[in-house]
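Following: one structure in C-alpha cells, then a few remarks.
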Amino acid sequence: MGQLTTHVIDTMHGVPAAGMALTLYRLSGDLADALKSLQLNADGRADTPLLEGAALHAGRYRLVFDVAAYFRQRGAVLSDPPFLDRVTLDFGVADAAAHTHVPLLASPWSYSTYRGS
C-alpha cells in the first residue's frame, strides 16, 4: 500500500520541527486543490501518512511549509519580510503503490530536500 510522508528538521536548533504547519495540495494543470493542513508532531512528522492507499494517486503534489512562522514561534529574530516565509515543494508521485517520503531540512535562511525512503 502506497503512502506519502514528510519529516522536517530544524537545522538552526538541531531538532525536529515540532509544531511547524504545512499544507498538502494536489496539482492539476494550473489548479492546486488543498487536501490537508496540519501541524507536525514532536518528532517533526505528521501523526499519520499525508496520503495512503486509494487516496494516493500518481501525479503532481505540492507541500507548503510555514517556515517563518515556525522560527518566529521559536524566538528567532527574522527580517520583515523574512528571507524564507513559506517553503513550497512541488514534486511528482510516479508509483502510487510505493512509499514517497519528502523530508525538509530548514533554517530561517536555507532549506534542502531529497527523495527519502
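Both backbone and side-chain heavy atoms feed into the values below; hydrogens, waters and symmetry mates do not. FYI, the numbering just counts along the sequence from 1.
- Criterion: ILVMFWY side-chain heavy atoms under 4.5 Å apart, direct or through other members. Under it, V102 and L105 are not part of a common hydrophobic cluster.
- Of the possible donor and acceptor atoms, none in the side chain of D43 sits under 3.5 Å from a partner among the backbone N and O of R45.
- No more than 12 heavy-atom neighbours from other residues, nucleotides or ligands sit within 6.0 angstrom of CZ on F83.
- The two residues L56 and G2 make their nearest non-hydrogen contact at CD2-C, 3.7 Å.
- For R86, the CZ atom counts as loosely surrounded, since its 6.0 Å shell holds 12 or fewer non-hydrogen atoms of other residues, nucleotides or ligands.
- L38 and L63 fall within the same hydrophobic cluster, where Ile, Leu, Val, Met, Phe, Trp and Tyr residues are linked whenever their side-chain heavy atoms come under 4.5 Å apart, directly or through other members.
- The distance from the CZ atom of F71 to the NE2 atom of H13 is 7.0 Å, given to the nearest 0.5 Å.
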*T113 and F65: side-chain contact (heavy atoms from CB on, under 4.5 Å), yes or no, with the steps?*
CA-CA 12 Å; T113 190; F65 299 89; over 6 Å; no
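- Note that CG of L50 is 10.5 Å distant from OG1 of T100, once rounded to the nearest 0.5 Å.
- Listed here is the closest heavy atom pair of H101 and T6: CE1-C, 3.6 Å.
- Transitive grouping of hydrophobic side chains (ILVMFWY, heavy atoms separated by less than 4.5 Å) brings W109 and V67 into a common cluster.
- There is a path of hydrophobic side-chain contacts, each under 4.5 Å, that joins L40 to F91.
- Not one N or O on the side chain of D66 forms a donor-acceptor pair closer than 3.5 Å with the backbone of A69.
- Criterion: ILVMFWY side-chain heavy atoms under 4.5 Å apart, direct or through other members. Under it, M12 and V15 are part of a common hydrophobic cluster.
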Donor-acceptor pairs under 3.5 Å, side chain of residues 17-35 to any protein atom, not counting sequence neighbours: which ones?
from, atom 1, to, atom 2, distance (Å)
T23, OG1, S37, OG, 3.0
R26, NE, Y61, OH, 3.4
R26, NH2, A55, O, 2.9
R26, NH2, Y61, OH, 3.4

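- Scanning all heavy atoms of the two residues, the minimum distance from S79 to P81 falls at OG-O, 2.8 Å.
- In terms of heavy-atom proximity, A68 sits nearest to L78 at O-CD1, 3.6 Å.
- Pairing each heavy atom of A42 with each of P16, the nearest pair is O-CB, 3.6 Å.
- Atom NE2 of H7 sits about 8.5 Å away from atom CG of N41, to the nearest 0.5 Å.
- Residue Y111 comes nearest to L84 through the heavy atom pair CD2-CD1, 3.8 Å, listed as atom of the first residue, atom of the second, then distance.
- For R60, there are no salt bridge (Lys or Arg N to Asp or Glu O under 4.0 Å) partners two or more places apart in sequence or in a different chain.
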